[in-house]
2 protein chains.
Amino acid sequence: MNIRRAEGNPIVVPSDVVPSSPAMEVIGVFNAGVARLGEEIILLLRVAERPIQQEKDSCLIPLYDPEKGETVLRSIPFGPENDFSDPRVIRTPGQIYLTSLSHLRVARSRDGLRFDIDKSPSIYPATSYETFGIEDPRITMLEDGYYIACTGVSPRGVVVPLLFTEDFRSFRRIGNIFHPDNKDVVLFPEKIGGKYYALHRPSGSHFAKPDIWIAESNDLLTWGNHRYLMGVREEEWDGGRIGASAVPIRTDRGWLELYHGADRDNRYCLGAVLLDLEEPWRVLARCRKPFLEPEEPFETEGFFGNVVFSCGALEEDGIVKIYYGAGDTSMGYAETTLESVLQSLQ
Amino acid sequence: MNIRRAEGNPIVVPSDVVPSSPAMEVIGVFNAGVARLGEEIILLLRVAERPIQQEKDSCLIPLYDPEKGETVLRSIPFGPENDFSDPRVIRTPGQIYLTSLSHLRVARSRDGLRFDIDKSPSIYPATSYETFGIEDPRITMLEDGYYIACTGVSPRGVVVPLLFTEDFRSFRRIGNIFHPDNKDVVLFPEKIGGKYYALHRPSGSHFAKPDIWIAESNDLLTWGNHRYLMGVREEEWDGGRIGASAVPIRTDRGWLELYHGADRDNRYCLGAVLLDLEEPWRVLARCRKPFLEPEEPFETEGFFGNVVFSCGALEEDGIVKIYYGAGDTSMGYAETTLESVLQSLQ
């Protein structure tokens, strides 16, 4: 499949982003949701920050405190009782913590490549479901505005807060639309047979793998009739876990969904699947191979390397414009044609 | 707290139940949902069956095959690669299996103690979400009939199918109302502020404990606005996991919820909690100690001993009539007064 990366990749890097406070440093800007707003392309960037470290024998981690309404720092000793082997998390005997705290930040562009990034957080953790951060937004434009499905992480588990905006300046929280653990939620961009639909990815099941499910709704807040949509493929590039990435694109052959898959070594790639237009719980065709794999240094290296992970793509005039997080560190851009993606599924 | 067990306990035992086929034996009849239907008390019993074993070097397990529409038997070798240490499950390298398959069976009684049990299954696994069985029903009477929230188990995870009946003779499947893994779902018996509410118990979270959550709905099929309700209490009788047991009982002081808790040794007891009448996501009072613990031999012994586990209680004329599974083997009955339970929460 013919896919072309931007020459200026990565298009957004951590040093482009002003930290939310002098105590913090930005270590990643990635996994942005994307939307068109008039003449502009909006990225809703995930900005991961960690405290500027001050101690030798312990690690400072950030926690949002919903009662104080602010982020506090906690010190976790570098002792044998605590596991620091994964750069993203610290496992202590009683609790897992994240080493960074993510918020969401708006960036605006006319050409889709050079972005003006807001100087302060657009959506910062604000509830007891987001004390470890708010991550990986997917933006769906519906009749009345933009709905943003995020990942909220806390000791209560991984939930899916839904937010609403008309202008990407003020945001309203609607509620948690999926219970722990769930993430990678994308809402379809229109009703189908009178109902809203969403793809979601439950995880942590004692019996099941991290597969993709589909649910329906009448009001966007309450979701049900949960059905299994598609699973991981053992021994393949998407054998470890899969999840929806971009908002489904309507084509005359079906809903085109760009999804991510990781193998057992946590190497994340992007693939595609085609769902029935009228009955989106039916898979019509699925790629054999990924169309985007971590190959460039900014994709294979970074805070958590060997990752290309998209939270949004735009289809405009037959061109699929893919924004993607690379190495949990920066934002990349690539484009291809709708026809080319569809052909790869035959 | 003053609680009185029935003298004839256990009131239903496996030998009372006719197997669903000559190839199967009933090893447990427990965790029944309960409802009043006119002059009768209905139990919707969980009936666990396993194949009559025929081989020495392997274990036969039952699986519902949704394509064939029947239960098939599979042979799992007694080899070192398979873990048989828990009598309820077999862990193989690629998949966990259950050693028994559960269905639901109606039993009817005039006095609430002596039950006539239907000779064949009332609700048998029927979908790809129930290939390992359908378990632990909770019955809520609403305006138009009885809604039954069950546990569906399969390689797709643990989900919550909702069914409907008017007469406990014919049943209609509505759909899965919670995604994997979730169980212990009880619907409140009336709308509150114009919405339906349910307690539920997500599990398998990488970050969280098996705690009780609350969700709301307009249509009983789609649920959202998920909120954390109450958590396990480390080192206490309910420190390992908790879940709603009976349908909440309306009192003038609040919604009385009888819930189960297990400690880290999987000893299951019953406790109580009081929720706000108008805002049921608010906990008003919670028991310190359980009101029912496994003490009698039929509770401390059995297929999985040291378990009292209720899926339903009726409050009639100030008496709380508690039906409970004992040792994952049989049904027990105990009663107390509403006043006595409420006093224990002060």
Side-chain angles (χ1 to χ4, degrees), chain A residues 89 91 94-98 127-129 131-132 152-162 173-183 185 195-196 198 200-229 231 234, chain B residues 89 91 94-98 127-129 131-132 152-162 173-183 185 195-196 198 200-229 231 234:
Chain A
V89 300
R91 291 184 170 83
Q95 182 65 55
I96 302 177
Y97 295 98
L98 299 188
T127 76
S128 59
Y129 305 99
T131 61
F132 291 173
V153 189
S154 79
R156 296 180 172 180
V158 180
V159 300
V160 182
L162 184 68
R173 274 181 163 70
I174 294 174
N176 295 324
I177 60 174
F178 294 97
H179 64 70
D181 275 356
N182 206 314
K183 53 167 58 175
V185 169
K195 292 177 194 295
Y196 298 106
H200 62 98
R201 210 287 300 282
S203 66
S205 171
H206 292 295
F207 290 88
K209 304 272 194 311
D211 299 326
I212 299 178
W213 289 58
I214 187 167
E216 62 184 55
S217 176
N218 294 308
D219 59 10
L220 298 170
L221 174 60
T222 62
W223 293 85
N225 201 17
H226 297 282
R227 285 181 274 193
Y228 175 92
L229 181 73
E234 304 275 340
Chain B
V89 301
R91 291 184 168 82
Q95 183 64 56
I96 302 177
Y97 294 99
L98 299 188
T127 76
S128 60
Y129 305 100
T131 62
F132 291 173
V153 189
S154 80
R156 295 179 172 181
V158 180
V159 300
V160 182
L162 184 68
R173 272 180 165 69
I174 294 175
N176 295 324
I177 59 175
F178 293 97
H179 65 70
D181 276 355
N182 207 315
K183 53 166 56 173
V185 170
K195 292 178 193 293
Y196 298 105
H200 62 98
R201 209 288 298 282
S203 65
S205 170
H206 292 295
F207 289 89
K209 304 274 192 310
D211 299 325
I212 299 178
W213 288 58
I214 188 166
E216 62 185 55
S217 176
N218 294 309
D219 59 11
L220 297 170
L221 175 60
T222 61
W223 295 85
N225 200 17
H226 297 282
R227 284 182 274 192
Y228 175 91
L229 182 72
E234 304 275 339

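Just so it is clear, the model here is predicted, and its values are computed rather than measured. Proteins come first, then strands; the chains are lettered A, B, ... in the order of their sequence lines, and each starts at number 1.
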Quick one: what part of B:Phe178 sits under 4.5 Å from any heavy atom of chain A, side chain, backbone, both or neither? both

Let me check something: any side-chain donor-acceptor pairs from residues 201-208 of chain A under 3.5 Å, sequence neighbours excluded? List them with distances.
from	atom 1	to	atom 2	distance (Å)
A:Arg201	NH1	A:Ile242	O	2.9
A:Ser205	OG	A:Phe207	N	3.1
A:Ser205	OG	A:Ala208	N	3.0
A:Ser205	OG	B:Asp181	OD1	2.7
A:Ser205	OG	B:Asp181	OD2	3.2

Judged by atom type as modelled, is there a donor-acceptor pair below 3.5 Å linking the side chain of A:Tyr228 to the main-chain atoms of B:Gly157? no

Which residue out of A:Ile174, A:Val160, A:Ile177, A:Asn176 racks up the most heavy-atom pairs below 4.5 Å with chain B? A:Asn176

Value rounded to 0.5 Å, distance of NZ in B:Lys195 from OG1 in A:Thr222: 8.0 Å

Under a 4.5 Å heavy-atom cut-off, does chain B meet the side chain of A:Val153, its backbone, both or neither? side chain

A:Ser128, part contacting chain B, at a heavy-atom distance under 4.5 Å: neither

Can you confirm whether B:Asn182 sits close enough to A:His179 that some side-chain heavy atom of one is under 4.5 Å from a side-chain heavy atom of the other? yes

What part of A:Glu234 gets within 4.5 angstrom of chain B, counting heavy atoms only: side chain, backbone, both, or neither? neither

Counting only heavy atoms closer than 4.5 Å, note whether A:Trp213 contacts chain B via side chain, backbone, both or neither. side chain

Nearest heavy atoms of B:Asn218 and A:Asp219, plus distance in Å: ND2-OD2, 3.1 Å

Quick one: salt bridge (Lys or Arg N to Asp or Glu O under 4.0 Å) partners of A:Arg156, sequence neighbours excluded? none

Per-residue contact mode, A:Asp211 against chain B (heavy atom under 4.5 angstrom): neither

Heavy-atom proximity to chain B below 4.5 Å, by part of A:Tyr129: side chain

Would you mind telling me which of B:Ile96, B:Val159, B:Val89, B:Thr127 has the largest number of heavy-atom pairs within less than 4.5 Å of chain A? B:Ile96

